[in-house]
Amino acid sequence: MMQSRTHTCGELRIGDAGKQVTLAGWLENFREVSATLGFVVLRDFYGTTQIVAETEEMMATFKDITKESTIQVTGTVRERSSKNPKQATGDIEVVPTEVKVLGKNIHASLPFEINHSKEADETARLQYRYLDLRNPEVKKNIILRSQVIAALREAMIAHGFMEITTPILTASSPEGARDYLVPARKHPGKFYALPQAPQQFKQLLMTAGFDRYFQIAPCFRDEDARGDRSPGEFYQLDMEMAFASQEDVFSIMEDVLPPIFAKYGKYDRASGAPFKRIPYLEAMEKYGSDKPDLRIDLTVQDVTGVLKDTGFGPFASMDENGEDRKVVIKAVVVSGFEGSRKFIDKTLADVEVQAGDKPYWFRVDENGDIVGGISKFVTPVKDAVVSALSLKPGDFVGISAGKLRAAQKTAGVLVKTLGAAVPGHMDKEQYAFCWICDFPMYEIGEESGELEFCHNPFSMPNGGLETLLKAERGEIDPLSITADQYDIVCNGIELSSGAVRNHDPEIMVKAFELVRLGEEDVKSRFPAMYNAFTYGAPPHAGIAPGVDRMVMLLSGEDSIREVIPFPMNKNAQDIMMGAPSEVTQAQLDELHLKTTAVEE
RNA sequence: GGCCCGGUGGCUCAGCUGGUUAGAGCGCCGCCCUGUCACGGCGGAGGUCGCGGGUUCGAUCCCCGCCCGGGUCGCCA
């Protein structure tokens, strides 16, 4: 039997002219020019090749084949009389002697046109994902994903890390996101859970003496989707290292990520080591965000002192009852501003939608006068404002006011929105990384009004046991305790949190006691880890950057579904496979599950 | 769960202040075309305008409810 192909559709060149070849692929298009001349575009994974039909018989053969059927073509390579420089194989064509249909497309019209599938309705794309992925534009993101994952593996292994897989069926974790549960057939009434992250397993691997672990790890969380968050499942480059500090983790990531971003990304520039380190509180104060976009040169300044009580209602420091409103006022100065009034209104409306709070503004005109927006209230304190913000003619000032957190958030949205919209304030064509570090260990819960863990209880408090004891004795404010915890941020997108872990059971218990929990809570919530740490654990630290997010940044796509081979829709359904689906009564019985008809 | 936007031939979309027979491009079918490559030309088929109710002489259009999709907030240790 003849082999199915001698070459791919992407490789024949002028030097191959005269060769007998066999190609196989999808019939992408058939251009009929006359009764005895037509051109077939044959497409496979590697590219496209033109097949020319020059006889009535060959015309009839191709006319009978539905587009998108798979065919095998045997023939001779020939130099084209009119070449196509836009096509890699554009110098040649294949004159067929034999054409065979391998897999017939029986559908006269497709749900969408393959080469324009990105414009089609997303439900149709996901339902016919195997057709959507035939589009080279769609396929290229999945190829990129594969290459990036391969490069990450290679780099991690080169740095002495070992990939170890961890269980998919495990125990439900009491904290964090909603779990996906799997009924246990052999244990009526009990459930496995899919891991939200391999967090506890990787810490147990450290305790077991594996020095440097990593894994391209699937993670499962039953939370709602976003444009940049896939529902249900996603992948992390999960890593952990023993006898390691925060600096050790930083230097590995600073070594591994920039070359991969520069090589595979749409921009060829990426931050070099060391990345800028910004303490959490400084980030909130200076950028109004714990995920600043360092490609933007704008920053936030505090103007509470000069602008409060200027008569503008939202800036008032006291309410009508004389109570302190705890208002702070933040300013973002944009130099060289030439935008129109319409541009200002539209941009600030965007800010209001995103921040949920109204921003204010004024400008400094060419004479140095304060004009526009809230200028009426600012002009009386002009000298103080000009001096506080070093204002010059041509400056635009965006203002936010409110309680600290809200004012910072609005100012942060002003920075990102104005930075992107006003020319000259964003050096866009690069990957700008930074570390956000020194996160607070505790915060006052918005609902409870009491002290709670700020992020997660696994992080080592800065200063260890001694610091916690001081807080317990009331010598320091527990809110001032920071954790050895960090986020890695790229272009304003949080790729991951990480931390130096708390490997000391005594410190762990003390950390829990400060939030009115204790040893029993630690033991019941994290039994394996607590026990393991009582047998001698190494200090360890790690991080887990999201793979899907990284590929999204590299590809420049706005939707995470574009970088996932078979994504679910926003409602966590796989339309193509029909998941989730009903199951048989026999399956339910075997799992000891009662059906509960959902009453709508 | 809240808010915003959308749902019109297979696909993408237009459709005015509510008014005859709901249009265009792509795709599909037929005919023509000897070098196309987003081939071109001529002709044709194809629509419960998401579903239900209301207002009206008359609803794709206005109102109410619901369904579906996307975005966003909540949520995501």
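Here the structure is a predicted model, which means the values were calculated and not measured.
Using a 4.0 Å cut-off between charged side-chain N and carboxylate O, A:E557 and A:K118 make a salt bridge. Ion pairing between a basic and an acidic side chain is recognised when a charged N comes within 4.0 Å of a carboxylate O; A:E68 and A:R43 show such pairing. Looking at A:R129 and A:D132, a side-chain N of the basic residue comes within less than 4.0 Å of a carboxylate O on the acidic one, giving a salt bridge. With respect to the salt-bridge test (charged N to carboxylate O, under 4.0 angstrom), the residues A:R221 and A:E233 do not qualify. Salt bridge A:K140/A:E137: present, at least one basic N to carboxylate O contact under 4.0 Å.
Counting distance only, with no hydrogens placed and no angle test, the side-chain atoms of A:R80 and the base atoms of B:rC37 include a donor-acceptor pair under 3.5 Å. In the interface, the side chain of A:Q50 is paired with the base of B:rU36 through a donor and an acceptor atom under 3.5 Å apart. Residue-to-nucleotide contacts include no donor-acceptor pair under 3.5 Å from the side chain of A:K118 to the base of B:rU12.
Checked against B:rC75, B:rU36, B:rU34, the side chain of A:R229 finds its nearest nucleotide in B:rC75. Here B:rG69 is the nucleotide among B:rC37, B:rC26, B:rG69 with the atom lying nearest to any side-chain atom of A:N569. Among B:rG10, B:rU34, B:rA77, the nucleotide with an atom closest to any side-chain atom of A:R221 is B:rA77. Closest approach to the A:A120 side chain among B:rC11, B:rC37, B:rG27 is made by B:rC11 (side chain taken as heavy atoms from C-beta onward). Of the candidates B:rG70, B:rG74, B:rC31, the closest approach to any side-chain atom of A:N571 belongs to B:rG70. When distances run from any side-chain atom of A:V33 to the nucleotides B:rC39, B:rC75, B:rG27, the shortest one goes to B:rC39. With B:rU34, B:rC37, B:rC76 as the candidates, the nucleotide lying closest to the side chain of A:T36 is B:rU34. The side chain of A:N84 lies closest to B:rC37, out of B:rG35, B:rG70, B:rC37.
Atom P of nucleotide B:rC37 and atom CG of A:N29 are separated by 11 Å, given to the nearest angstrom. For the pair A:M58 CE and B:rG35 P, the computed distance is 20 Å after rounding to whole Å.
At least one side-chain nitrogen or oxygen of A:Q573 sits closer than 4.0 Å to the OP1 or OP2 atom of B:rG69. Close to B:rG71, at under 4.0 Å from its OP1 or OP2, lies a side-chain N or O of A:R561. Contact annotation: A:N115 side-chain N/O to B:rA38 OP1/OP2 distance is not under 4.0 Å. For A:R31, no side-chain nitrogen or oxygen approaches OP1 or OP2 of B:rU36 to under 4.0 Å. For A:R226 and B:rC73, the shortest distance from a side-chain N or O to OP1 or OP2 is below 4.0 Å. The shortest distance between the side-chain N/O atoms of A:K67 and the OP1/OP2 oxygens of B:rC28 is below 4.0 Å. Between A:K86 and the phosphate of B:rA38, there is a side-chain N or O to OP1/OP2 separation shorter than 4.0 Å.
Using a 4.0 Å heavy-atom cutoff across all strands shown, A:T123 reaches sugar-phosphate atoms only and no base atom.
Lacking a ring centre under 5.5 Å from that of the base six-membered ring together with a plane angle below 30°, A:F112 does not count as stacked on B:rC11.
Across B:rC67 and B:rA22, the matching C1' atoms stand 24 Å from one another, rounded to whole Å. Rounded to whole Å, the separation between the P atoms of B:rG15 and B:rC32 comes to 39 Å.
With both pairing distances under 3.5 Å, B:rC66 is matched to B:rG50 as a Watson-Crick or G-U wobble pair. The nucleotide B:rG19 finds its pairing partner in B:rC57, both defining distances of the Watson-Crick or G-U wobble pair being shorter than 3.5 Å. B:rU12 and B:rA24 make up a base pair, with Watson-Crick or G-U wobble contacts both under 3.5 Å.
Residue-to-nucleotide proximity on RNA chain B shows that, of A:A124 and A:Q200, the 5′-proximal contact is made by A:A124. Sequence order on RNA chain B of the closest nucleotides to A:K83 and A:L126 puts A:K83 first from the 5' end.
Aromatic ring orientation, A:F30 versus A:F62: tilted (interplanar angle from 30° to 60°).
Between A:N135 and A:S117 the shortest heavy-atom distance is ND2-OG, 3.1 Å.
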